[in-house]
There are 2 protein chains.
Amino acid sequence: MRGLFHPAKQDIALAQVMHALSDPVRLELLARVAAVDGEPCTAVAGDIDVHKSTLSHHYRVLREAGLTMTTVDGRTRVVRLRRDDLDDLFPGLLDAVLAAFRKHGA
Amino acid sequence: MRGLFHPAKQDIALAQVMHALSDPVRLELLARVAAVDGEPCTAVAGDIDVHKSTLSHHYRVLREAGLTMTTVDGRTRVVRLRRDDLDDLFPGLLDAVLAAFRKHGA
DNA sequence: CAATCGGTTTGATGATTGTCCAACTATCCG
DNA sequence: CGGATAGTTGGACAATCATCAAACCGATTG
C-alpha cells in the first residue's frame with residue numbers, strides 16, 4: 001500500500017478543498033471527524049449507507065485535498081482534521097462549513 | 001429564454017454551494033462580482049480566457065446554487081451577490097471563501 | 001498456520017462536468 | 001429595416017466522479 005499521501009500545507013488549494021466539501025457523504029464524514037477527533041475510520045463511518053470502498057474513496061478525497069490527516073494504527077486508520085493548517089490558510093472557512101452543516105445538513 | 005431561475009432562500013443547499021465554489025473560473029467570477037456589485041456580465045468577466053458560452057454556463061451554476069442573483073437590464077445581465085441570504089444561512093462562509101481566494105487564489 | 005478483520009485497490013458503469021462551437025434570441029443603434 | 005451587441009441554448013467531446021463489487025493486503029486472533 002503506497003504510503004498515504006498528504007499534501008504539504010502550502011499545496012492545499014482552495015478550489016480542491018471546496019470540491020472535497022461538495023459531497024453530502026464527505027460533509028457528513030468531516031462533521032463526524034471534527035466531532036470525535038482521532039477515532040478509527042469505521043467507528044466514525046458507523047451507519048452511513050455506502051459501500052466500504054466508497055467510504056475509502058471519500059476518505060482519500062478528503063485527505064488528498066488537505067482536509068484530513070490519516071495515520072495507520074495497527075489495522076485501523078485514524079482520521080484527524082488538519083484544523084491548524086486549515087485555520088491558518090483559510091481562516092474561518094472550516095468553522096463556517098461545519099456550523100452550516102450542523103444547522104442545515106448538506 | 002426561460003426566465004432565469006433562482007432558488008428560494010430555504011432551498012439553498014450547502015453541498016451545492018460548495019460545488020459551485022469548487023471551480024477556479026467561478027471563484028474568480030464570484031470575487032469580481034463581490035468587488036463590484038451590480039455590473040454587467042461582460043464588464044465583470046472582462047479578460048477571463050474562456051468562451052462566452054462557458055462563462056454563461058458558470059454564471060448559471062452560481063445562480064442556480066443560490067450564490068448570485070441575475071437580473072435582465074436591456075440586453076445585458078446584471079449579477080449581484082445574494083449576500084444577505086447567504087450570510088443568514090451560512091454565517092461567515094462567504095467572507096471566509098472570498099478572503100481565502102483573495103489571499104491564495106483558487 | 002488458518003481465519004478474520006479493517007481497509008485499499010482495481011475495474012466497470014452511469015452520471016455529471018467543463019469546454020468549445022454554431023446557431024439562436026432579444027435588444028439597441030443608425 | 002439591417003446590423004451590431006449581449007448573452008443563451010443545444011450539441012458534441014473528453015475528463016472526472018460517485019458508486020458498487022470483487023479481489024487483495026497486512027495486522028490480529030484463534
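Every chain is numbered from 1, with letters handed out A, B, ... down the list of sequences. None of these values were measured; they are calculated from a predicted model.
If you take OH of B/Tyr59 and P of D/dT8, they are 9 Å apart, rounded to a whole angstrom. Rounded to a whole Å, the CG atom of A/Leu55 is 10 Å from the P atom of C/dG7. When rounded to the nearest whole Å, the span between CD of B/Glu28 and P of C/dT19 equals 13 Å. Atom-to-atom, CG of B/Leu4 to P of D/dT8 comes out at 7 Å; the value is rounded to the nearest Å. In this structure, B/Glu64 places its CD atom 13 Å from P of C/dT16, rounding to the nearest Å. Nucleotide C/dG18 holds its C1' atom 15 Å from the CG atom of B/Leu27, rounded to whole Å. As a whole-Å value, the separation of A/Arg75 CZ from D/dA27 P is 11 Å. If you take CE of B/Met18 and P of C/dT17, they are 16 Å apart, rounded to a whole angstrom.
Listed nucleotides D/dA6, D/dT29, C/dG7 differ in distance to A/Arg77; the shortest reach to its side chain belongs to C/dG7.
Under a hydrophobic clustering in which Ile, Leu, Val, Met, Phe, Trp and Tyr are joined whenever their side-chain heavy atoms come within less than 4.5 Å, directly or via other members, A/Val79 and A/Leu86 fall into the same cluster.
Applying the side-chain hydrogen bond (donor to acceptor under 3.5 Å, both in side chains) test to every pair with at least one member in residues 13-24 of chain B, sequence neighbours left out, gives no pairs at all.
Contact of the B/Asp85 side chain with the B/Met69 side chain is not registered, since no non-hydrogen atoms from C-beta on lie closer than 4.5 Å. A/Leu29 places a side-chain heavy atom less than 4.5 Å from the side chain of A/Tyr59.
Looking at B/Leu81, B/Thr68, B/Val17 one by one, the single match for side-chain contact (heavy atoms from CB on, under 4.5 Å) with B/Leu62 turns out to be B/Thr68.
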Can you check nucleotides 18-20 of chain D for protein contacts, nitrogen or oxygen pairs under 3.5 Å, and list what you find?
{"unit_1": "D/dA18", "atom_1": "OP1", "unit_2": "A/Arg26", "atom_2": "NH1", "d": "3.1"}
{"unit_1": "D/dA18", "atom_1": "OP1", "unit_2": "A/Arg26", "atom_2": "NH2", "d": "2.7"}
{"unit_1": "D/dA18", "atom_1": "OP2", "unit_2": "A/His57", "atom_2": "NE2", "d": "2.9"}
{"unit_1": "D/dT19", "atom_1": "OP2", "unit_2": "A/His58", "atom_2": "NE2", "d": "2.3"}
{"unit_1": "D/dC20", "atom_1": "OP2", "unit_2": "A/His51", "atom_2": "N", "d": "2.7"}
{"unit_1": "D/dC20", "atom_1": "OP2", "unit_2": "A/Thr54", "atom_2": "OG1", "d": "3.2"}

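Here the CG-CG distance, from B/Leu89 to B/Asp87, works out to 9.5 Å after rounding to the nearest 0.5 Å.
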